[in-house]
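Have a look at the structure below before the remarks.
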Amino acid sequence: MKTGIVLVTLVLFTLLPQFNAGNVYICKGKSSKKYHFKKNCRGLSNCSTDVSEVSLEEAKKLGRGLCGWED
């Protein structure tokens, strides 16, 4: 039973950084179409402009979808 609690706690702390108060990261480039939960996401590595932190709602209003590396 104790092992199960520890395992659940580890999983939660692993996933927790993905839910940073509803904010996500987007590349400000003209052709950018995705949002990212982590600022160091592999999908942002090709961003040639600024990376901005915005609300998930704002990213969706901008027509952004979830990055494939985040699935």
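The basis for the numbers below is simple: all heavy atoms, side chains too, and nothing from hydrogens, waters or symmetry mates.
To the nearest 0.5 Å, atoms CD (Glu70) and SG (Cys41) are separated by 4.0 Å. Distance CZ/Arg42 to NE2/His36: 13.0 Å, rounded to 0.5 Å. Rounding to the nearest 0.5 Å places OG of Ser48 at 13.5 Å from NZ of Lys28.
The SG atoms of Cys27 and Cys47 are placed within less than 2.5 angstrom of each other.
For the residue pair Tyr25 and Phe37, the shortest heavy atom distance occurs at CE1-O, 3.6 Å. When all heavy atoms are compared, the tightest approach of Leu44 to Ile26 is CD2-C, 4.3 Å. For the pair Leu66 and Lys34, the tightest heavy-atom approach, listed with the atom from each and the gap, is O-CD, 3.6 Å. Residues Asn23 and Ser55 approach most closely at OD1-CA, 3.5 Å, considering heavy atoms.
The shortest side-chain heavy-atom distance between Leu62 and Tyr35 does not fall under the 4.5 Å cut-off.
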